[in-house]
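Encoded as structure tokens, the structure appears first; notes follow it.
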2 protein chains.
Amino acid sequence: MPDSAFAEIRNLDLFAQMTDENFAALMRGAYVQNFPAQIDLISEGDPSDFLHVVLSGSVDLFSTWNGRDTSLATVRPIATFILAATVKDAPYLMSARTLEKSRIALIPSQDVRAIFDVDGNFARAVVTELAQSYRTVVKSQKDLKLRTSLERLANYVLRQQKRSGEVSSFFLECEKRRLASVLGMTPENLSRAFKGLVPYGVQVEGTRVTILDQGELERFAKPNPLIDDTSV
Amino acid sequence: MPDSAFAEIRNLDLFAQMTDENFAALMRGAYVQNFPAQIDLISEGDPSDFLHVVLSGSVDLFSTWNGRDTSLATVRPIATFILAATVKDAPYLMSARTLEKSRIALIPSQDVRAIFDVDGNFARAVVTELAQSYRTVVKSQKDLKLRTSLERLANYVLRQQKRSGEVSSFFLECEKRRLASVLGMTPENLSRAFKGLVPYGVQVEGTRVTILDQGELERFAKPNPLIDDTSV
DNA sequence: GGGAATGATTGATAATAGTCAAGCCGATGA
DNA sequence: TCATCGGCTTGACTATTATCAATCATTCCC
């Protein structure tokens, strides 16, 4: 593994507090790989052989059932995915594929579990990471169950605006078809939903979103930190 | 705290592996309380002052937004809830209320965090619990996004049947209005959905569910371990 | 037992979301 | 430059789900 990747991974919250020795042991069997876009990395149901760390690019976590599929999350650098499956030694619940050209580190799951068993600091870091993941999914669940698709989109727009630095105009950072799937609707409906936001002062041209009336949009979206804040 | 409750809690996976000393420290500030049915225990947004352990009865975890509400999970003995909020020292994402008369142990969150910081075995047990919770929510998310309400109900019926010991006739263990909320639909629609399962050999009288044609129901429901198995 | 309250069901209707088919539009590449 | 492809949009239609109102069934309490 190249030194740069080694340092990048070491600086992750998940690995920052463990001993040098344990970190080295963890990295011994690990390797970094470059993947092109649209490559399947793992399939749900497979045994969790590797903990994945996205160093660059982005990864789509999705799931399939009975011919349908849905995107559940996007993983962006630098973050890990499938940690829960790894520590439980259980099959993946989600599939993963690259959204773009991506550099990904693969750490053998058995090494993660072995170090986890002896390194209390690592175990505590895993807790933080899992608690964060858990709370993220719960928020997403609330978003899905408590809001209509138009409300979900309105709040998504506000969240993206915040990520972009509170500006009034910004770009969507993923395909609309995928955004539709993430938001739990069809691409056709997403198109119509964007039109449905026009009365609340949202304009969309291609991937550019412009918020003309912040107050009106917020009055409609009713954003809630317990659903929409990533930090809470 | 009575000795019986002390022992019950000690035997939970979450607390079984920690030292006697740390467990005693954890229990020092803890107490057990009896609650009648339909009592609000916590409200989403509140600081996470106590880790809750359900010793008897049952608890509904739910959430509210913009005048709507939805049930997210049921906690049955013996299990904890709001562990993620406790370890992260973050506000509750869900509210909780008793569904029936319940006995609940309350452990001060700051004690949990303090012991967590010094007891590696406890930290590892927390990981297991959180990973389990995380995977449960992910499965529920898949259930919601990939299935229609009729399919969700069909699979719920199959899951309940399994819980009841693979018998062909069993009883629903919660109010239908709450079941509707858990499954992400209205009570009216749940009524209609039960009728919609008649062609697949499901009969409902009051809270009694009878499966007349197991094969037909399974062919329709297409249960999947990566969504429906609690153990995976 | 006789209300009263609560939950369950039903029917009618409206809102919401999905499907299918066609056309549009912009990026890509010969 | 043009053709092609994939994704996006639109329209028409269908399916699904929610809402509202009324009724029915149960339980609970006096």
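So that the names make sense, note that chain A is the first sequence line, chain B the second, and so on, each numbered from 1. Note that these values count all heavy atoms, side chains included, but never hydrogens, waters or copies made by symmetry.
Distance CG (L150(A)) to P (dT17(D)): 19 Å, rounded to an integer number of Å. Counting to the nearest Å, the P atom of dT19(D) and the CZ atom of R68(B) are 8 Å from each other. The distance between atom NZ of K176(A) and atom P of dC25(C), rounded to the nearest whole Å, is 13 Å. Distance L153(B) CG to dA8(C) P: 14 Å, rounded to the nearest Å. The nearest whole Å value for the distance from the CG atom in L190(A) to the P atom in dC8(D) is 9 Å. In this structure, CE of M185(B) is placed 15 Å from C1' of dT9(C), rounded to the nearest angstrom. Atom pair E151(A):CD and dT16(C):C1' shows a separation of 12 Å (rounding to whole Å applied). One interatomic measurement links the two molecules: CZ of F194(A) to P of dG7(D), which rounds to 17 Å at whole-angstrom precision.
Contact annotation: N189(A) side-chain N/O to dA17(C) OP1/OP2 distance is not under 4.0 Å. OP1 or OP2 of dT9(C) has not a single side-chain nitrogen or oxygen of K195(B) nearer than 4.0 Å. Between T148(A) and dT16(C) there is no side-chain N or O to OP1 or OP2 distance below 4.0 Å. For dC8(D), neither phosphate oxygen OP1 nor OP2 lies less than 4.0 angstrom from any side-chain nitrogen or oxygen of S191(A).
Put simply, the side chain of E173(B) reaches to within 4.5 Å of the side chain of R76(B), judged on heavy atoms.
Closest approach to the R192(B) side chain among dA17(C), dA12(D), dA18(D) is made by dA18(D) (side chain taken as heavy atoms from C-beta onward). The listed nucleotides are dG18(C), dT9(C), dT19(D); the one nearest the side chain of T186(B) is dT19(D). When the nucleotides dA18(D), dT17(D), dT10(C) are ranked by their closest atom to the side chain of E188(B), dT10(C) comes out on top.
With a 6.0 Å cutoff to the six-membered ring centre and a 45° limit on the axis angle, R97(B) counts as a cation-pi contact of F62(B).
For CG of D13(B), the number of neighbouring non-hydrogen atoms (other residues, nucleotides, ligands) closer than 6.0 Å is 12 at most.
Checking each of K222(A), K162(A), R147(A) against D228(A) for a salt bridge (Lys or Arg N to Asp or Glu O under 4.0 Å) leaves exactly one that passes, namely R147(A).
Between F220(A) and Y200(A), the ring-plane angle classifies as parallel under the 30° and 60° cut-offs.
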